[in-house]
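Each ligand, and each atom within it, is numbered from 1 in the order the structure gives.
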Amino acid sequence: MQNKFLGIWIIGASGSVATSVVAGAELLAQRLIEPIGLITEIPEFSEIIFVPFTQMVFGGHEVRPRTSKESFRELSEELHINHQLIERVCPYLDAFQKNIRLGTTIGCGKGVEEAVGGTSQLDTLPLPEIVHQMEKDITDFKKLNHLEQVVVLNLASTEPPIKLGVHTETIKGFEESIRNNHKEVVRASCLYAYVAFRCGCPYINFTPSAGASIPALLEMAKQRNLSHAGQDGKTGETLIKAVLGSMFKYRALKILSWQGYNILGNMDGKVLTDPETLQSKLIAKNTVLPQVLGYKPHTHIGIDYVPSLGEWKVAWDFIHFEGFLGTKMSMQFIWQGCDSMLAVPLVLDLIRLVELSARRKESGALGHLGLFFKQPLGTPPSTHPSDGCWVGDLHHQWHHLESYLEQVKKTSYKE
Ligand SMILES: NC(=O)c1ccc[n+]([C@@H]2O[C@H](COP(=O)([O-])OP(=O)(O)OC[C@H]3O[C@@H](n4cnc5c(N)ncnc54)[C@H](O)[C@@H]3O)[C@@H](O)[C@H]2O)c1
């Protein structure tokens, strides 16, 4: 791996998670912090060569004028991060800033437009030119930095769900909508995924936006032998749901209702105040329980924006269940997490695991990465339906990843 560099092209480059990922990778590269929360750093997988943090170069698309350094400073103040650490990463955030280009807000909806202060200037161009420009941004980044491989990573604000039609079904239909400048049917996340595949890049979707999940782009990834992973990182309340749901299943206790209320105060929360955009998050969050339990109990998910909370998100969940002789019982939990700090280790692991898949020439949706996502792509339907092992079960997902990595060790694919 010596003298090779991995480029990471981040969509939503000045966001909280994006800037924390870039700063975190640099602090890890300089060995100034511990790799807490990273699966790729645990002793069990130490024989596998994952791309070192010292070999990562970052660039990306953004639609707000604010710089990544401004975002990171604001976040660091809120989280009381050590000043010396902040100063150590500032030069790297400046270098990152030089690699940031203007992105598109086509199809992002009111939630994003209000949060980012309008639509992108790039959107005044016809779709084929927007695609061409974004493709050029990535290829220039690759050339200028002499990169062997670039991974595209979606960390942009959530968009409303995409309406399905001929433009989502086949590559031909999707490309026709671009050629005919049908801006009303496409979504920015799909355009970014399309551009990633055209540039020969694997793609990670950490958001609930459609990205590469539409049939047209699933097909395109396979045709071009490119891998991708998604969607919507499983970092907080939904992670606990995946574990607790398994507990109820393993004890054959029937869940009657699961009510979950979330409050958060950052820009991600602000974007979700738009009812259409909120639907994308609700769909992702609602995927987990039926995939863990094998049935769908009554559920409700509430998400409210509470500005004073900033990066801190709080979830209160009430679970009503039935025990022996039909006795009704309940459990409740409260989860309080720091949004970006929960996300960063997952994103860094995903970058390394997707880069590994590219070295191994894997293609299509990477089902073994279901552990990381609320709405996992590419996981086969239940492998053991008879013994009730469902794809959303966190243990099942962990074993899937573990057996994949055991296989990597056996084939001793190192370089
Ligand atoms: N724990 C977590 O933080 C977590 C967990 C799961 C999913 N996510 C998802 O990750 C994403 C990022 O979260 P965040 O907290 O960093 O949000 P954020 O609001 O801080 O950052 C989003 C960034 O994307 C930019 N952006 C918006 N639309 C864009 C577009 N079309 N093209 C380019 N840039 C665009 C915004 O200007 C902003 O800088 C969100 O979609 C969120 O739902 C986060």
Can a non-hydrogen atom of Lys313 be found less than 4.0 Å from any atom of ligand 1?
yes
Please determine whether any non-hydrogen atom of Lys281 lies less than 4.0 Å from an atom of ligand 1.
yes
Quiz: residues 297-310 side-chain donor-acceptor pairs under 3.5 angstrom, not counting sequence neighbours:
unit_1	atom_1	unit_2	atom_2	d
His298	NE2	Gln259	OE1	3.2
Thr299	OG1	Asn286	OD1	3.2

Side chain, backbone, both or neither: [X] near ligand 1, heavy atoms under 4.0 Å:
X      : value
Asp339 : both
Val271 : neither
Val112 : side chain
Thr158 : both
Glu159 : neither

Classify the ring geometry between Tyr261 and Trp316 as parallel (under 30°), tilted (30 to 60°) or perpendicular (over 60°).
parallel
Can you tell me if Ser76 uses its side chain to pair, donor with acceptor, with the backbone of Phe72 under 3.5 Å?
yes
Run the side-chain donor-acceptor check on residues 11-26: report pairs under 3.5 Å with partners two or more places apart or on a different chain.
unit_1	atom_1	unit_2	atom_2	d
Ser14	OG	Arg66	O	3.0
Ser16	OG	Glu311	OE2	3.4
Thr19	OG1	Gly15	O	2.9
Thr19	OG1	Ser16	O	3.3
Ser20	OG	Ser16	O	2.6
Glu26	OE2	Gln30	NE2	3.0

Does a sphere of radius 6.0 Å around NE2 in His132 hold more than 12 heavy atoms from other residues, nucleotides or ligands, not counting ones at 6.0 Å or beyond?
no
Please list, in number order, the atoms of ligand 1 under 4.0 Å from a heavy atom of Cys108.
31 (N)
Would you indicate which of Lys270, Glu62, Lys234 comes nearest to atom 37 (O) of ligand 1 when only heavy atoms are counted?
Glu62
Quick one: is the NZ or CZ of Arg352 closer than 6.0 Å to the six-membered ring centre of Phe53, and within 45° of its axis?
yes
